[in-house]
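The block underneath contains the structure these notes are about, expressed in structure tokens.
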Amino acid sequence: MFKKLLVANRGTIAIRIIRACRELGIRTIAIYSTADKDALHVRMADEAVCIGPPAAEDSYLNIPAIVSTVLTYGADAVHPGYGFLSENGDFAEACKRSGVTFVGPRARHIRLMGDKPRARRIMQRAGVPVLPGSAGTGVTELRDAQEDARRLGFPVLIKAAAGGGGKGMRIARDGQELTRFFPLARAESEAAFGSRTMYLEKYLERARHVEFQILADNHRNAIHLGERDCSIQRRHQKVLEEAPCPVMTKRLRERMGKAAVRAAQVVGYSNVGTVEFLLTADEQFYFIEMNTRIQVEHGVTEMVTATDLVQESIRIATGEPLGIRQKQVEIAGSSIEMRVYAEDPDTHLPSPGVVTNHHSPGGLGVRVETALYDGYRVPVHYDPLIAKLIVHADDRSRAIARAKAALREYLIDGIKTNIPLHLKILDDADFVRGEFATDFLKRYEGAPAAVAAPLRGVANG
Ligand code: ADP
């Protein structure tokens, strides 16, 4: 087992990793920017090192600064969490070259899945269903996109080849929209990812987002831990997730799970990963992407499978074989995660500030992952995700009741949060019946909010 692990992240996921390390007897090093000097992850780690000013580029995304901290402080492993450098092949490679273990997949798998048109091609060849879309390596010019759209038929979804966090993504319903939106999406992609390469995909109107949790070791064993339904989204970004998916059947889980495991095995993937699909009402499913890291919503899978995914990721990184076989995986009860954002519930604009009167809910089946405490200042520089409230109960209706009770108990004064939106979702008759698709949240959208500047290192999934 590792002796000392550097947590290359901040906020709730940094704390989550520190907790896992404590149970495994691993010492931890936190890194932080000057904006985070009072952050909880800094207090909780065994050691903490300031690595730069607030801007993520200069701190949490600063590969040379992080690698030199690893070497100076003698860490033998690095956990990247989600967002920031978690899907950066150069970082994984830099760790390896410095002789430390990157807790995650190999650099080439990160790069491969980060190139979405390439990932689509590989999946297609492996017999994993993908939606009709741009062929080859993608498109950079409008006229090529127009040709693809003619072949696919509208509506189409314009996507960034290097995409993430819903950035560079636009629906085009006709030729005029394509002409208007393609350059906008391409500019967004260039600003966020430094890439002008885009691709088109047939847009599915009423699909669910259903993703499978993969565990794969360095010895070619791969299993799935069932699915999560992440259809409750705003602007292609998840807001509330649950496991299992309310419309899942044993047979469909087997079919989709097999495809997800195949997706991982065909490239020789190792560590934790998530294979995302769109699922239609008539049980057709299509690969959309694979995320090569722990997801924000990993907690709901942990609750229904009684597995600690962060500890598993660390064990796999030490070279241990998986301790669990596919047949032993059982899904028990129902779990819901609500992402709590520091944002104005009406405008969706970030609401940074000092937290006063913080009380987080508790009781049977209630889990809160947060970096908040009384007097903590939510910084303006990073993702506004401030807490994840996760509930678990014997069945879905009890989980909904528990989620509502816990939300009502949650006290966060001083800043605005999206807790009111979660209460609306949980009271919605269609949600309660499990009848929803990725367009569900449109019904609760008022006037469109002003678009905030894109944040680097956003926790997108
Ligand atoms: P990102 O990596 O930016 O999060 P994804 O490819 O994972 O992008 O897609 C994000 C979300 O966008 C999905 O969860 C789904 O709601 C929607 N989406 C993606 N592809 C399609 C599609 N072809 N048709 C309909 N919705 C889609």
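Start at 1 and go down the list; that is how both ligands and their atoms are numbered. Computed over heavy atoms, backbone and side chain alike; hydrogens, waters and symmetry mates excluded.
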Practice prompt. Could you tell me whether Leu131 and ligand 1 have an N or O pair separated by under 3.5 Å?
Written response: no
Practice prompt. Evaluate the side-chain hydrogen bond (donor to acceptor under 3.5 Å, both in side chains) criterion for residues Thr370 and Tyr376: first the C-alpha distance (whole Å), next the side-chain angles of each, then the deciding distance (0.1 Å), finally the verdict.
Written response: CA-CA 12 Å; Thr370 186; Tyr376 173 69; over 6 Å; no
Discussion item. Within ligand 1, which atoms have a heavy atom of Gly166 less than 4.0 Å away?
Written reply: 1 (P), 3 (O), 4 (O)
Worksheet entry | Minimal non-hydrogen separation, Ile171 against Glu177, with atom names | O-OE1, 3.7 Å
Discussion item. I'd like to know if Lys116 contacts ligand 1, where contact means a heavy-atom distance under 4.0 Å to any ligand atom.
Written reply: yes
Practice prompt. Would you please classify the geometry between the His109 ring and the Tyr269 ring as parallel, tilted or perpendicular, with 30° and 60° separating the classes?
Written response: tilted
Practice prompt. Assert yes or no for the condition that the ring centre distance of Tyr382 to Tyr60 is strictly below 6.0 Å.
Written response: yes
Response to the item:
So the atoms of ligand 1 within less than 4.0 Å of a heavy atom of Leu157 turn out to be 18 (N), 19 (C), 20 (N), 21 (C), 22 (C), 27 (C)
Item to complete: Report the part of Glu205 in contact with ligand 1, treating N, CA, C, O as backbone and CB onward as side chain, heavy atoms under 4.0 Å; options are side chain, backbone, both, neither.
Response: neither
Worksheet item: ligand 1 and Lys159, any nitrogen or oxygen pair closer than 3.5 angstrom?
Response: yes
Practice prompt. Just jot down the ligand 1 atoms closer than 4.0 angstrom to any heavy atom of Glu289, in number order.
Written response: 1 (P), 2 (O), 4 (O), 5 (P), 7 (O)
Worksheet item: With the threshold set at 4.0 Å, does a side-chain nitrogen-carboxylate oxygen contact exist between Arg234 and Glu343?
Response: no
Worksheet entry | Residue-ligand contact Gly165/ligand 1, heavy atom below 4.0 Å | yes
Discussion item. Lys167 versus ligand 1: do any nitrogen or oxygen atoms come within less than 3.5 Å of each other?
Written reply: no
Practice prompt. Decide whether an N or O pair under 3.5 Å exists between Glu276 and ligand 1.
Written response: yes
Worksheet, complete the sentence: Which of Arg228, Glu211, Glu227 passes side chain to side chain contact (heavy atoms under 4.5 Å, CB included) with Cys245? Answer is Glu227
Discussion item. A side-chain contact here means heavy atoms from C-beta on lying under 4.5 Å apart; do Thr417 and Tyr410 qualify?
Written reply: no
Practice prompt. Of the side chain and backbone of Gln237, name the one, both, or neither that has a heavy atom under 4.0 Å from an atom of ligand 1.
Written response: neither
